Student: 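Let me give you the structure first, and then I'll get to my questions.
Everything numeric here is computed off the predicted structure, so don't read it as measured data. Below, chain A is the first sequence line, B the second, and so on; all start at residue 1.
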There are 2 protein chains.
Amino acid sequence: MTGVWLRPQRPSRSGPPLSRDRIVAAAVELLDREGVGGLTMRRLAEHLDAGSTTLYWHVATKDDVVDLALDHIFGEVRLPDGRDTDAGRDGDAGRDSDAGRDGYAESDRDWRVDVEGLLLGWRAAMLRHPWSAALLGRPMLGPNVLTRTEFLQAALRRSGLVEPDLGAATYALANYVIGSAVTLAPWQRPDSPEPPREAAREHLAAQRDRYPTLVDTGHLDDRDWEATFRQGLTYLLDGLAVRTRD
Amino acid sequence: MTGVWLRPQRPSRSGPPLSRDRIVAAAVELLDREGVGGLTMRRLAEHLDAGSTTLYWHVATKDDVVDLALDHIFGEVRLPDGRDTDAGRDGDAGRDSDAGRDGYAESDRDWRVDVEGLLLGWRAAMLRHPWSAALLGRPMLGPNVLTRTEFLQAALRRSGLVEPDLGAATYALANYVIGSAVTLAPWQRPDSPEPPREAAREHLAAQRDRYPTLVDTGHLDDRDWEATFRQGLTYLLDGLAVRTRD
DNA sequence: ACCTGAACACCGTTCAAGT
DNA sequence: ACCTGAACACCGTTCAAGT
């Protein structure tokens with residue numbers, strides 16, 4: 001038998017062998033490009049030159065992929081610390097990391113600056129990957145999320161807060177960023193080709209009698225969303241400072 | 001031909017004819033009972049004694065059903081006003097409505113009480129229907145949401161806020177409730193039979209070195225979540241009051 | 001105007017089998 | 001240890017057809 005010559009050579013998998021990391025990276029890319037609807041085990045596999053069922057060797061379920069992809073993007077959030085050694089090899093480097101472990105005391109850092117820096121980065125990461133907002137209704141326990149939450153709470157503690165206010169403040173701030181991203185992200189391309197802000201604006205304007213205040217303030221008009229976010233953050237931190245002072 | 005006797009009588013649709021309202025009600029019931037994964041056009045139709053494709057006469061797409069179901073549950077949020085004539089016949093009554101249009105001036109109402117009342121109800125409605133958190137990453141433009149947002153902003157205006165602070169405050173508060181629900185809801189039954197809080201708690205405790213502060217404060221322990229929510233709301237409103245005073 | 005079944009182009013996941 | 005194809009039990013949606 002001539003064997004070898006007739007049998008088609010194995011498709012010669014391009015690139016390195018499959019791995020959880022490569023799967024997650026491909027998933028994020030797919031989600032970025034095509035939104036939540038674009039993520040399919042079959043298409044993901046195709047993207048990786050693999051059989052679709054191969055993925056199940058590295059991952060138990062599609063939900064796992066989603067959880068990993070979500071945590072992955074939180075790895076992009078810089079700790080204002082400069083100390084970016086992400087927990088568990090999950091964060092992506094991609095950015096130059098000038099690990100600033102210079103020798104001044106932790107407690108000297110301005111907690112408010114740290115909180116603002118972290119949350120601004122948190123929000124930005126979510127808006128860079130607008131699909132994240134649609135996948136959020138699940139427990140977030142990945143290493144990247146936990147690391148950022150730890151940083152947040154550690155900063156808050158430096159302000160003098162103690163339990164139960166410390167926990168309340170942590171949740172308040174985290175929930176505020178999350179809510180802000182959930183509200184804003186769906187208006188970003190390309191997830192929803194549907195309602196461009198304009199249509200919604202007109203829909204609202206046509207009902208001035210029902211929503212006088214909203215129409216008055218131009219509730220759905222474009223505005224400086226980062227400034228709006230910052231403003232709300234100021235309210236929260238000011239209210240926190242009241243507690244901190246006594 | 002004997003005709004009638006041989007042909008199976010039409011299955012005799014139980015109940016009234018199909019309608020958008022009945023579809024939405026059934027969808028909410030299905031979601032309540034089985035979570036996001038339980039909502040299927042086929043199962044929804046079955047639930048209504050209808051052919052699955054019949055739904056498409058009343059509704060353009062499954063996403064429509066989801067949008068309608070979501071807005072529907074916001075109809076459950078009472079306006080502290082007492083004035084519950086929901087916009088557009090969408091809110092469900094279900095609760096006794098003592099429309100209190102008694103003759104004292106709008107502006108006499110305590111805006112802070114109104115805001116707190118509305119947001120507490122808003123949060124409660126979402127937690128009664130935990131699936132709502134998972135479906136949130138889409139523009140919310142339904143009449144029930146808009147009516148509640150209008151009420152919120154109108155109350156805030158009575159505090160003396162003007163643009164752009166008024167809009168910022170509205171978004172800050174709305175985003176805070178939304179984020180709070182998104183964070184808490186996934187821990188509710190029966191959407192995720194998966195991670196009972198306990199497992200997550202142990203996972204965290206096992207990494208005290210990585211997350212010292214979080215472990216210290218018992219970040220994932222059970223706590224009084226409504227009190228925690230109220231506390232955060234207090235921070236926000238206190239911070240707002242600072243602006244209001246000058 | 002409203003409802004239907006058949007059919008299309010997909011899904012996620014399992015599993016016995018290959019190397 | 002890693003990868004595969006075939007197969008199962010589903011999906012959302014379209015459409016010609018019925019009443």
Student: Specify the separation, in whole Å, of atom CG of B:Leu55 and atom C1' of C:dT4.
Tutor: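 Rounded to the whole Å, the gap is 12 Å.
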Student: Would you say D:dA1 has OP1 or OP2 under 4.0 Å from some side-chain N or O of A:His58?
Tutor: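 So the side chain of A:His58 is outside the cut-off, no N or O lying under 4.0 Å from OP1 or OP2 of D:dA1.
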Student: Could A:Glu198 and A:Arg201 be called an ion pair, given the rule that one side-chain N must be under 4.0 Å from one carboxylate O?
Tutor: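 Between A:Arg201 and A:Glu198 there is a salt bridge, with a charged N closer than 4.0 Å to a carboxylate O.
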Student: Pairing check on D:dG12: which nucleotide meets the Watson-Crick or G-U wobble criteria with it, both distances under 3.5 Å?
Tutor: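 In the structure as shown, D:dG12 has C:dC8 as its Watson-Crick or wobble partner.
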Student: How long is the gap from CG on A:Leu48 to CG on A:Leu55, to the nearest 0.5 Å?
Tutor: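 Reported value, rounded in 0.5 Å steps: 6.5 Å.
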Student: Whether A:Glu46 and A:Arg42 form a salt bridge (side-chain N of Lys/Arg under 4.0 Å from carboxylate O of Asp/Glu) is what I want to check.
Tutor: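 Between A:Glu46 and A:Arg42 there is no salt bridge, as every charged N stays at least 4.0 Å from the carboxylate O atoms.
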Student: Tell me the partner of C:dT19, counting only Watson-Crick (N1-N3 plus N6-O4 or O6-N4) or G-U wobble (N1-O2 and O6-N3) with both under 3.5 Å; none if nothing fits.
Tutor: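 C:dT19 is paired with D:dA1.
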Student: Could you check if a side-chain atom of A:His219 sits within less than 4.5 angstrom of a side-chain atom of B:Glu150, using non-hydrogen atoms only?
Tutor: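 No, too far: nothing below the 4.5 Å cut-off.
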Student: Once each nucleotide of nucleotides 5-13 of chain C is scored for protein heavy atoms under 4.0 Å, what B/S/- sequence comes out, 5' to 3'?
Tutor: BBB---BBB
Student: Could you state the CH2-P distance from B:Trp57 to D:dC15, rounded to the nearest angstrom?
Tutor: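 Distance, rounded to whole Å: 15 Å.
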Student: Quick check, are the ring centers of B:Phe229 and A:Tyr171 under 6.0 angstrom apart?
Tutor: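 Not close enough - the centres of the two rings lie 6.0 Å or further apart.
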Student: Looking at B:Leu136, B:Thr183, B:Val182, which hits side-chain contact (heavy atoms from CB on, under 4.5 Å) with A:Leu136?
Tutor: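 Exactly one pass, corresponding to B:Val182.
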